[in-house]
Protein chains: 2
Amino acid sequence: MADITDVARAAGVSTATVSRALAGRPHVSAATRERILRLAAELGYVPSSSASGLRSGHTRAVAVVVPRIDGWFYSSVVEGADAELRRAGYDLVLFSLGGRDGERERLFHESILGKRGDGVLALCIDFSRGERAQLAELRLPTMIVGGPVRGVRYVGIDENEAAAIATEHLLELGHTDILFIEGGAEIGQRLNPRVSKERRQGYENAMRAAGRPEEAIRSIQGEFSAAVARARMHELLEAGSVPTGIVAASDEMAVGAILALRARGLRVPEDVSVVGVDGHPVAELFSLTTVAQDPFTQGRTAARMLLDDIGARSSRRSVRVPVEFVPRTSTAPPRDSRSSATEDRSSSSMTA
Amino acid sequence: MADITDVARAAGVSTATVSRALAGRPHVSAATRERILRLAAELGYVPSSSASGLRSGHTRAVAVVVPRIDGWFYSSVVEGADAELRRAGYDLVLFSLGGRDGERERLFHESILGKRGDGVLALCIDFSRGERAQLAELRLPTMIVGGPVRGVRYVGIDENEAAAIATEHLLELGHTDILFIEGGAEIGQRLNPRVSKERRQGYENAMRAAGRPEEAIRSIQGEFSAAVARARMHELLEAGSVPTGIVAASDEMAVGAILALRARGLRVPEDVSVVGVDGHPVAELFSLTTVAQDPFTQGRTAARMLLDDIGARSSRRSVRVPVEFVPRTSTAPPRDSRSSATEDRSSSSMTA
DNA sequence: TTGAAAGCGATACCAA
DNA sequence: TTGGTATCGCTTTCAA
């Protein structure tokens, strides 16, 4: 309710001085500043973000764009970003696409983002060429978390490496017949396809590096969903094809696979080993071995870089954050450890 | 980049007319309006929220306060609220307390919320008397989701009923020795304690209504966490106390209990039946019978009511949304269906 | 139906 | 170090 004029009057100074004092800028004597600070607090004065935004041209807010907010990865990144932004006195304006593709068009086309924030933090969004141009034209500092986009700085893990670590783990245990459950092909939303592509690549690279023949490289599509992975796994098992090891591109899909295996009477890890990627909380509940990433820190880091950009045009580069291998009990050496490279496909045949 | 003056010039009218036309207000001829709309789109004009906010006094944004954003319930409610707000052309400013209690003080004390939004949507927050006074003084329309607060309208399920339904389900199956795993006592954050209290009450009411003696009413503290529930359940089993049925105040705690039971070699539902409350995605993965709520719709409804309030001071009342009983395979009649009311405590003794 | 002009509350420049 | 004042872009009132 109180505005800057009230504070100025109470302190016996001009609004200009109050503004300087509150913004922590120089050219205010210590005594004056202290008095102003005290009075402002007493009066419960909070600057109008509209007024200051209008005059100064910046909103002290950041627009965060997410495909959806109700997902472990997205919400954890946002939580991390929020922590960092809040510390810097910035607000977070959330834009959830929520499966509504029109929303996305509007967001970019009408350059709404720039009106609400001094920067944009986008999660797993695959910017089109036009969208990138828009952002560049608006001179809006931009950061991406989850999947690199040409020309935009980002924070993320080495997706390729993560999947490779998971695959190598099974290879080292002695598995040779390793199935990959891939993500991607999600509903409508134009998510960044590089995440699923690179994870698949990591699996393939590891298999080839281990000398596995091309025909040993096989996968099913789990669409980053436990339910879909479960269904596809069911079909595969129905067809009589039982790998000794499974690498899922996400923990949720790994859980879907475990459920399908259990339903067929197969035990994990005795009959089949399963390893995931992500470090999703559900992994612990299923005692799933996984390659964990830390989305909270990614959000935090991205927000920090964005703030640097907004402030001083720092030219830091994209950041790759490390992953951590988390061994649990869903993986073990294959039952028939003698299985050679030439008979892997048939070595694990069984009846459910 | 284009501002209202550009549009006005292009259309050959005054900025006043442009403003009226774009806001969809009367006193603009159809032809003029159409021309303005077309030109505004062509120029990619988006009104400055700062300027319009400053002049009109409202921000066309809503402040959403959450204890954390990285949790199923919170993020789902926010997703629902976002969908509704977006439809109405409102932005969502997210304030996550993120376990930082100082954050909360600041938020309310400095009446920051009112500066950023035309209304406040708070999740599971237990407003203090002072905080309520603050909001009332600011004349900020407020809605709560998750736990009623005296004097503030809210959207939520009947927590009591939800737990009662879960309990009655076990009672109807013939269980008599039913343990309750309660939530509450969470870390620092002053979450609304009524959710856990009322769920506990629902359990107790159902037990009493079924004629169970007071000593049959027993519970352990799971703090709304799978890990804690699991640990407490372990201790209980260690002590040799094995109920035939368990009602958990949340699905996550129910899963924790299932894990502890499994670790002791107890089967669900053959040895022990477990039922949860929430309808959390993890429930399906564990085939957990539960009483489901729909947080997305709650968020949507709350946002709708808040918008009504902001617009026209509608005096709608708080809303109770229904829950849905979702039977799965974690519950079954007790093994020893003959167990009478007098020997329930010992009827299910066993060795793991 | 339309336009002219006065502000909304802060900031930033320039002068003192 | 301080104060006066123009100004940010829009909405709104009042007059035409």
Side-chain angles (χ1 to χ4, degrees), chain A residues 1-37 39-40 43-61 89 91 110-112 114-118 138 311, chain B residues 1-37 39-40 43-61 89 91 110-112 114-116 118 138 310-311:
Chain A
M1 302 257 94
D3 74 9
I4 198 171
T5 317
D6 300 324
V7 179
R9 188 160 21 219
V13 294
S14 71
T15 60
T17 303
V18 174
S19 180
R20 280 187 289 253
L22 261 31
R25 281 188 321 224
H27 307 302
V28 182
S29 74
T32 308
R33 162 164 290 136
E34 205 173 332
R35 184 158 35 95
I36 290 172
L37 256 40
L39 287 165
L43 295 171
Y45 167 71
V46 180
S48 150
S49 57
S50 295
S52 109
L54 174 58
R55 179 62 240 230
S56 69
H58 48 250
T59 61
R60 290 197 76 77
D91 284 331
E110 304 190 5
S111 52
I112 285 171
K115 292 294 178 174
R116 279 292 188 186
D118 302 333
L138 290 171
Chain B
M1 301 261 92
D3 73 11
I4 198 171
T5 318
D6 299 325
V7 179
R9 187 159 23 220
V13 295
S14 70
T15 61
T17 303
V18 174
S19 179
R20 280 188 289 252
L22 260 32
R25 282 189 323 224
H27 305 303
V28 183
S29 73
T32 308
R33 163 165 288 134
E34 203 173 336
R35 183 157 36 96
I36 291 172
L37 255 40
L39 286 165
L43 295 171
Y45 168 71
V46 180
S48 151
S49 56
S50 295
S52 90
L54 175 57
R55 178 62 235 233
S56 68
H58 49 249
T59 61
R60 289 196 78 77
D91 284 330
E110 303 190 7
S111 52
I112 286 171
K115 292 293 179 176
R116 278 294 188 185
D118 302 334
L138 289 171
I310 291 171

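Order of the sequence lines fixes the chain letters, A, B, ..., with proteins taken first and strands second; residue numbering starts at 1 for each chain.
- Ser14(A) and Ala8(A) get closest at one heavy-atom pair: C-CB, 3.8 Å.
- Using a 4.0 Å heavy-atom criterion, one finds that Ser50(A) contacts no nucleic acid atom at all.
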Annotated protein contacts, base or backbone, on nucleotides 10-16 of chain C with a non-hydrogen cut-off under 4.0 Å, one of B, S, - each: BBBB---

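- Looking only at side-chain heavy atoms (C-beta outward), Ser49(A) and Arg60(A) stay at 4.5 Å or farther from each other.
- One can place CZ of Arg9(A) at 14 Å from P of dG3(D), the figure rounded to the nearest angstrom.
- Contact annotation: Thr32(A) does not reach the phosphate of dT1(D) (side-chain N/O to OP1 or OP2, under 4.0 Å).
- The distance from the CD1 atom of Ile36(A) to the OG atom of Ser29(A) is 8.0 Å, given to the nearest 0.5 Å.
- The line from CZ of Arg35(B) to OG1 of Thr17(B) is 9.5 Å long, rounded to the nearest 0.5 Å.
- When all heavy atoms are compared, the tightest approach of Arg20(B) to Arg33(B) is O-NH2, 4.0 Å.
- For Asp3(A) (side chain) and Asp6(A) (main-chain N/O), a donor-acceptor pair under 3.5 Å exists by modelled atom type.
- Phosphate contact (OP1/OP2 of dG4(D), side-chain N/O of Ser14(A), threshold under 4.0 Å): absent.
- Each end of the helix from dT1(C)-dA16(D) to dA16(C)-dT1(D) gets its own axis, taken as the rotation carrying the C1' atoms of four end pairs onto the next four within a five-pair window, and the two axes meet at 30° to the nearest 10 degrees.
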Evaluation steps, side chain to side chain contact (heavy atoms under 4.5 Å, CB included), between Ile4(A) and Ser19(A): CA-CA 8 Å; Ile4(A) 198 171; Ser19(A) 180; 4.0 Å; yes

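- Between the P atom of dT12(D) and the NE2 atom of His27(B) lies a distance of 13 Å, rounded to the nearest Å.
- In this structure, Leu22(B) atom CG and dT2(C) atom C1' are separated by 16 Å, rounded to whole Å.
- The two residues Asp118(B) and Thr59(B) make their nearest non-hydrogen contact at OD1-N, 2.6 Å.
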